[in-house]
There are 2 protein chains.
Amino acid sequence: MTLSDDRRAAWLDGMAQHVLTHGLTHASLRPLAQAVGTSDRMLIYHFGSKEGVVGALLHHLAGGFVAGLEAALPPGRAVSVPLCLAEVVALLRDPGMAGYGRVWLDILSAAAGGSAAHREAGQEIMAGFAGWLEGRLPEGTDEPAAVAATLLTLIEGVIVMDSVGQSALADRAVAVVGMRLS
Amino acid sequence: MTLSDDRRAAWLDGMAQHVLTHGLTHASLRPLAQAVGTSDRMLIYHFGSKEGVVGALLHHLAGGFVAGLEAALPPGRAVSVPLCLAEVVALLRDPGMAGYGRVWLDILSAAAGGSAAHREAGQEIMAGFAGWLEGRLPEGTDEPAAVAATLLTLIEGVIVMDSVGQSALADRAVAVVGMRLS
DNA sequence: CCCCTCCTGTAGCAACCGCTACATTTTTCT
DNA sequence: AGAAAAATGTAGCGGTTGCTACAGGAGGGG
């Protein structure tokens, strides 16, 4: 290990904070370095390349996202599927989690553009989200995997609708699915 | 009108084609100009700025997307809501429309990043899509607006899941919602 | 004919990009 | 203490970005 672990973690925390507020698409080395009090020279030295920086950062963000989910909603199961859905949608719309929504869309765009690193990070984030969501489903839910897949897909749609200012349509969809799924 | 309309249309067609295959995020003036046989100098002259180019291009893409939908699925209504959903999902996954999926994610990313032009284009595309979808719902559907909002949100989720290689989860969600919505 | 407006090619500017060569400082090991 | 290794600062390279200054061609109206 060339870079002490706590320093590396501090750098990743700072860069993640910068990316959560300024976006990932146009994040370049010099601003990232400045956000953590170092230089682009150092980032390249310790991570090898920008690809190395972004890869580590994406992995860090994936962990931070799931940690944010677990920190925001007290551990335990929801009392019903519609309530679970409503809780999660409200949580993702919370200002404290809104930065992840933006970065999430940046990751999707880059993944669709062919970046393997972003595609893998997307899968990692999705897997963490799916696991957490399945753990929040009410006890005794029929076919929990199918229900989780449905909620997951719908929630992704809500994020998209929100990003173009169509939250009203998303709310309507959440209401309809919640009713039909209870 | 400083630029003859057919020439402007030809330029927009060519630039749209380039963007549909190479992505919108990193589309810069010189490659765009080369794709239509002119120079960045000319694009700036006739559109004022890159913002002008992108704005016109986004508007053109919005029209092309709806035209692609209408061209692919014969006019008329689907026989059931689940079938309608399945048809639309299959259409958006068709190679002929896949380019729009990628550009769509680029637009969402830029819109979430604060670009007003991309946000407006996103709303325009969403409005066209919603109108077309509502027109395909089976005759006599209860609460067509609510059903359309649900399908729309779910379909956006499918696009997201596909982009990170989770089409299986998306298929499951489509099956569940189709069953519950019939 | 000349002028005037529209259009276009050439060349280049300043800023930013990822990355590197080189020298220097700081730490670590013996 | 002295040598080796790791870490860092300075400066800059070659490339791309959006955009512009300048010159000139093309065509129409006086």
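Just so we're on the same page: letters track the sequence lines, and every chain starts at 1.
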Bend angle of the helix from C:dC1-D:dG30 to C:dT30-D:dA1 from five-pair axes at both ends, rounded to 10°?
10°
Taking CZ from B:F47 and C1' from C:dC7, how many angstroms apart are they, rounded to a whole number?
15 Å
Test B:L92 against B:I155 for side-chain contact (heavy atoms from CB on, under 4.5 Å), laying out the working first.
CA-CA 9 Å; B:L92 292 181; B:I155 289 166; 3.4 Å; yes
Taking the side chain from B:R136 and the backbone from B:G76, do they hold a donor-acceptor pair closer than 3.5 Å?
yes
Atom CD of B:Q34 to atom P of D:dG18: distance rounded to whole Å?
14 Å
Side chains of residues 139-148 of chain B: which donor-acceptor pairs under 3.5 Å do they make with residues two or more places apart or in other chains?
from   : atom 1 : to     : atom 2 : distance (Å)
B:E139 : OE1    : B:R77  : NE     : 3.3
B:T141 : OG1    : B:P138 : O      : 2.5

Measure from the side chain of A:S49, starting at C-beta and using heavy atoms only, and say which of C:dC17, C:dC19, D:dG18 lies closest.
C:dC19
Can you tell if the side chain of B:T150 reaches within under 4.5 Å of the side chain of A:R172, non-hydrogen atoms only?
no
Closest to the B:R7 side chain, choosing from D:dG18, C:dT8, D:dA6
C:dT8
Other hydrophobic cluster members with A:V79, side-chain heavy atoms of Ile/Leu/Val/Met/Phe/Trp/Tyr under 4.5 Å, chained?
A:L83
Does B:D13 come within less than 4.0 Å of B:R8, counting only side-chain N to carboxylate O?
no
Set of residues satisfying ring pair (Phe, Tyr, Trp, His ring centres under 6.0 Å) with respect to A:H60, sequence neighbours excluded
none
Looking only at the side chain of B:S28 (C-beta and beyond, no hydrogens), which of the listed nucleotides D:dT17, D:dT8, C:dC17 gets closest?
D:dT17
Can you check the B:L29 CG to C:dT8 P distance for me, whole Å?
16 Å
Whole angstrom value for the distance that separates C1' of C:dC6 from CZ of B:R8:
17 Å
Do the side chain of A:R102 and the main chain of A:T21 share a donor and acceptor less than 3.5 angstrom apart?
yes
In whole angstroms, how far is the P atom of C:dA11 from the CZ atom of B:R30?
14 Å
Close residues, residues 37-44 of chain A, relative to DNA chain C [heavy-atom separation under 4.0 Å]
A:D40, A:R41, A:I44
Using whole Å, report how far NE2 of B:H46 lies from C1' of C:dC6.
9 Å
Gap between atoms OH and C1', on A:Y45 and C:dT26 respectively (whole Å)
12 Å
Show which side-chain atoms of residues 106-114 of chain B pair as donor or acceptor with protein atoms under 3.5 Å away, not counting sequence neighbours.
from   : atom 1 : to     : atom 2 : distance (Å)
B:D106 : OD1    : A:S109 : OG     : 2.4
B:D106 : OD1    : B:T25  : OG1    : 3.0
B:D106 : OD2    : B:L24  : N      : 2.9
B:S109 : OG     : A:T25  : OG1    : 3.4
B:S109 : OG     : A:D106 : OD1    : 2.4

Would one find a side-chain N or O of B:H26 under 4.0 angstrom from OP1 or OP2 of D:dT17?
no
